[in-house]
Amino acid sequence: MSMGGAIATMIDTVTGTHATFLSGPVMTANLNINYRRPIPLGSTVLLESSLEKKEGRKTFITCRVTSTDGSKLHTETSALFLSITASHLLGG
Ligand SMILES: CCCCCCCCCCCCCCCC(=O)SCCNC(=O)CCNC(=O)[C@H](O)C(C)(C)COP(=O)(O)OP(=O)(O)OC[C@H]1O[C@@H](n2cnc3c(N)ncnc32)[C@H](O)[C@@H]1OP(=O)(O)O
């Protein structure tokens, strides 16, 4: 079975790239993952990331991880990304 943290990394990368594409530089503020079914080691899965809404600096993204044919739901996620400036990255 795949580790929950590895699955979270996959989801953070996909949703974070999606949020960056939509909103520019962002940081993950919240990642809420429901693990519904285990992902067998070595299996191929589909990640589907969708924009839920944008409110000011906040970009809300949802993500589903399913089997490639969509018949098995492995995880459901809601994520919040906040737009940041370069100075935030430098600790400002
Ligand atoms: C063209 C495209 C090419 C793409 C090319 C590829 C790009 C490749 C991308 C790779 C994608 C990887 C994506 C991984 C990105 C990380 O994993 S980043 C690492 C993990 N995240 C962190 O370390 C973040 C640590 N936290 C922080 O730095 C700060 O808390 C944050 C998140 C920047 C927010 O701080 P802040 O900017 O000071 O915001 P703050 O004033 O506290 O709050 C602003 C608002 O957000 C709300 N808020 C803040 N935090 C939260 C929270 N956790 N929950 C709910 N609400 C919150 C506040 O309540 C407030 O709401 P309002 O009062 O305005 O309604």
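As the structure lists them, so they are numbered: ligands from 1, and atoms in each ligand from 1.
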For [atom], grab the closest protein heavy atom and report residue, atom and distance to one decimal in Å.
| atom | value |
| --- | --- |
| atom 53 (N) of ligand 1 | Ala29 O, 2.9 Å |
| atom 7 (C) of ligand 1 | Thr20 CG2, 4.2 Å |
| atom 23 (O) of ligand 1 | Met27 CE, 3.6 Å |

Nearest heavy atoms of [X] and [Y], plus distance in Å:
| X | Y | value |
| --- | --- | --- |
| Leu31 | Ala8 | CD2-O, 4.2 Å |
| Leu73 | Arg36 | O-CB, 3.7 Å |
| Gly16 | Val26 | O-CG2, 4.2 Å |
| Pro38 | His74 | O-ND1, 3.2 Å |
| His18 | Leu51 | CE1-N, 3.7 Å |
| Gly4 | Tyr35 | O-OH, 2.7 Å |

Protein non-hydrogen atom below 4.0 angstrom of [atom] present:
| atom | value |
| --- | --- |
| atom 55 (C) of ligand 1 | yes |
| atom 42 (O) of ligand 1 | no |
| atom 11 (C) of ligand 1 | yes |
| atom 38 (O) of ligand 1 | no |
| atom 30 (O) of ligand 1 | no |
| atom 16 (C) of ligand 1 | yes |
| atom 61 (O) of ligand 1 | yes |

Give yes if a backbone or side-chain nitrogen or oxygen of [X] is under 3.5 Å from a nitrogen or oxygen of ligand 1, and no if not.
| X | result |
| --- | --- |
| His88 | yes |
| Lys58 | yes |
| Asp12 | yes |
| Phe21 | no |
| Thr28 | yes |

If we ignore hydrogens and angles and just use 3.5 Å, is the side chain of [X] paired with the main-chain N or O of [Y] as donor and acceptor?
| X | Y | answer |
| --- | --- | --- |
| Arg57 | Ser83 | yes |
| Ser23 | Thr20 | no |
| Ser67 | Lys72 | yes |

Non-hydrogen atom of Arg57 closer than 4.0 Å to ligand 1: yes
Exercise: do Asp12 and Thr28 side chains pair donor with acceptor under 3.5 Å: yes
Structural part of Val26 in contact with ligand 1, heavy atom criterion under 4.0 angstrom: neither
Ligand 1-proximal atoms of Thr17, by part, heavy-atom distance under 4.0 Å: both
Atoms in ligand 1 flagged as close to Leu82, the criterion being non-hydrogen separation under 4.0 Å: 32 (C), 34 (C), 39 (O), 46 (O), 48 (N), 49 (C), 50 (N)
Proximal ligand 1 atoms for Leu80, defined as those under 4.0 Å from one of its heavy atoms: 54 (N), 55 (C), 56 (N), 57 (C)
Option passing side chain to side chain contact (heavy atoms under 4.5 Å, CB included) with Thr15 (candidates Thr13, Ile11, Thr17): Ile11
Gap separating the CG atom of Leu82 from the NE2 atom of His88, nearest 0.5 angstrom: 8.5 Å
